[in-house]
Number of protein chains: 2
Amino acid sequence: MDPNLKPGNTKMRILDATAELFMRYGYTGTGLKQIVADANAPFGSLYHHFPGGKQELGVEVIHRSGAMYLELVTAVFDAAPDIVSGVHDCFDGAAEVLRATDYADACPIETVALEVASTNEPLRQATAEVFESWIEGAAERFRTAGIGDRTARELSISLIALLEGAFVLCRATRTTEALGAAGKTAAAAVEAALRHVAPESAQP
Amino acid sequence: MDPNLKPGNTKMRILDATAELFMRYGYTGTGLKQIVADANAPFGSLYHHFPGGKQELGVEVIHRSGAMYLELVTAVFDAAPDIVSGVHDCFDGAAEVLRATDYADACPIETVALEVASTNEPLRQATAEVFESWIEGAAERFRTAGIGDRTARELSISLIALLEGAFVLCRATRTTEALGAAGKTAAAAVEAALRHVAPESAQP
DNA sequence: GTCTATACTTTGATAGAC
DNA sequence: GTCTATCAAAGTATAGAC
């Protein structure tokens, strides 16, 4: 880890503030002035730490948020007694966070991903890399549970799609109904995949 | 239908242009100047037809795009020999459109929904109404096939979440892999629900 | 109703003093 | 490295001639 990124650091505060603003207002909706205001940083230091301006800051925030979210989900799975419980915990936990933050904090990169997909190639690539890391992170876990390569990847993609799609519905409707329904479907999909695993290698 | 909305109409052209721009660049990323330019309309007529400015235009576009997309999906299902085929056709068709438009045209309101969820209440409400209409439209079809009320709604929500989530992944990665995986999971979920339907009332 | 010109604000970005 | 002042451009919105 970069030792220059101590908490309380100016650069660090800028990164954290940007991550939170991106989650709520998206990339285009977040102004640099609002970022430095929230980070209690002078305007000039933003361009000192990120000479590439908003885009460079955006790329760094995407990668950072993506890595943190992966860690978070990994921790939830590690704490769960089995994979299916882990899936439930993820969706339930997301619903809890969403409610607690007045339906503001869902996925840290989803909004940005959609905004930049057709307009900003470096940012688009950053979001793609994050999603790929999530997919492979989940797939690895499913393979360890004995699920075949191809199924593991398809299953991972489907779970992430269910989560991201539910985030859209929940934030729009200001309810957690969608996360509940999607969580059920996700758990069922994992159970179905585990049912096809040879019993001796199964780790439910 | 409002007879004033003939094709070629100024108002109509503004609505169409805005819908397309929202899909690619989102709400914040779309400027009014760009809208009137794409619609071949003078700037003043935008505020003549939409006195409420960008927000009023946005609400109308959301409702319009939502209704059109519902019609489109309904037509796909009606043309399919059975429900499971209909699900496959939807995901396959979406993938085809995405590829044909260089990964630009996915869901007409998803990006906007995420952008405005925490910032613009009238727009947020419009997106919520559209999603609710989609959910109930799908649920109605599943109930007709004999699936119970509660399951029909949960299934509908999950399918829409899978589709919206896959859109994010596909646009970010510029591949259609996610729509393929999500489509498989969606079809499997419908099949599982149909398996629990009493045989005499089943309409597969 | 159509269209042009313009007002006002905010945006991302830069220069340069300290 | 920190911080202030300012720039040019783009944003939404309005006024008013035709």
Side-chain angles (χ1 to χ4, degrees), chain A residues 2-19 21-22 24-62 111-112 115-116 118-124 126, chain B residues 2-18 21-22 24-62 111-112 115-116 118-123 126:
Chain A
D2 189 338
N4 279 8
L5 287 183
K6 292 172 283 199
N9 213 354
T10 299
K11 183 170 185 177
M12 180 78 170
R13 288 203 314 278
I14 291 178
L15 286 168
D16 286 342
T18 306
L21 289 168
F22 277 4
R24 309 192 171 197
Y25 312 120
Y27 182 77
T28 326
T30 299
L32 296 186
K33 293 178 183 178
Q34 193 180 355
I35 290 175
V36 294
D38 282 30
N40 270 97
F43 194 82
S45 58
L46 194 154
Y47 276 89
H48 171 69
H49 292 290
F50 305 93
K54 194 182 189 181
Q55 177 174 292
E56 181 182 342
L57 171 59
V59 168
E60 200 153 327
V61 167
I62 293 293
T111 310
V112 177
E115 284 181 284
V116 304
S118 302
T119 60
N120 190 317
E121 187 58 17
L123 271 174
R124 193 226 98 222
Chain B
D2 189 338
N4 279 10
L5 287 184
K6 293 171 283 197
N9 213 355
T10 299
K11 183 170 185 176
M12 179 79 170
R13 288 203 312 278
I14 291 177
L15 286 168
D16 286 343
T18 306
L21 289 168
F22 277 5
R24 309 191 171 197
Y25 312 119
Y27 182 76
T28 325
T30 300
L32 297 186
K33 293 178 184 179
Q34 192 180 356
I35 291 175
V36 296
D38 282 30
N40 269 99
F43 195 82
S45 58
L46 193 155
Y47 276 89
H48 171 70
H49 293 290
F50 306 94
K54 193 181 189 181
Q55 178 174 292
E56 182 183 340
L57 171 59
V59 168
E60 201 153 327
V61 166
I62 293 293
T111 309
V112 177
E115 285 181 284
V116 303
S118 301
T119 58
N120 190 318
E121 187 57 18
L123 271 174

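To find a chain, count down the sequence lines: A is the first, B the second, and so on, and within it residues start at 1.
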Would you say the side-chain atoms of A:Arg24 pair up with the backbone N or O of B:Ser118, donor to acceptor, closer than 3.5 Å? no
Hits for side chain to side chain donor-acceptor pair (under 3.5 Å) against B:Ser45, two or more places apart or cross-chain, chain-then-number order -> none
Tell me the interatomic distance from [X], atom [atom1], to [N], atom [atom2], rounded to whole angstroms.
X        : N      : atom1 : atom2 : answer
B:Leu123 : D:dT12 : CG    : P     : 13 Å
B:His48  : C:dT2  : NE2   : C1'   : 8 Å
B:Ile14  : C:dT2  : CD1   : C1'   : 11 Å
A:Leu46  : D:dG1  : CG    : C1'   : 14 Å
A:Asn9   : D:dT2  : CG    : C1'   : 13 Å
B:Asn40  : C:dT2  : CG    : P     : 14 Å

Output side-chain donor-acceptor pairs under 3.5 Å for residues 47-57 of chain B, partner residues at least two apart or in another chain, one line each.
unit_1: B:Lys54; atom_1: NZ; unit_2: B:Tyr27; atom_2: O; d: 2.8
unit_1: B:Lys54; atom_1: NZ; unit_2: B:Thr30; atom_2: O; d: 2.9
unit_1: B:Gln55; atom_1: OE1; unit_2: B:Asn120; atom_2: ND2; d: 3.1
unit_1: B:Glu56; atom_1: OE1; unit_2: B:Gly52; atom_2: N; d: 2.5

On a heavy-atom basis, the closest approach of B:Thr10 and B:Ala41 is CG2-CB, 3.9 Å
Looking only at heavy atoms, the pair that brings A:Thr111 and A:Phe22 closest together is CB-O, 4.4 Å
| Are side-chain heavy atoms of B:Leu32 and B:Ile35 found at a separation under 4.5 Å? | yes
### Query
Does B:His49 make a side-chain N or O approach to OP1 or OP2 of C:dT2 shorter than 4.0 Å?
yes
Nucleotide by nucleotide, nucleotides 12-18 of chain C touches protein heavy atoms under 4.0 Å in the pattern (B base, S sugar-phosphate only, - none) BBB----
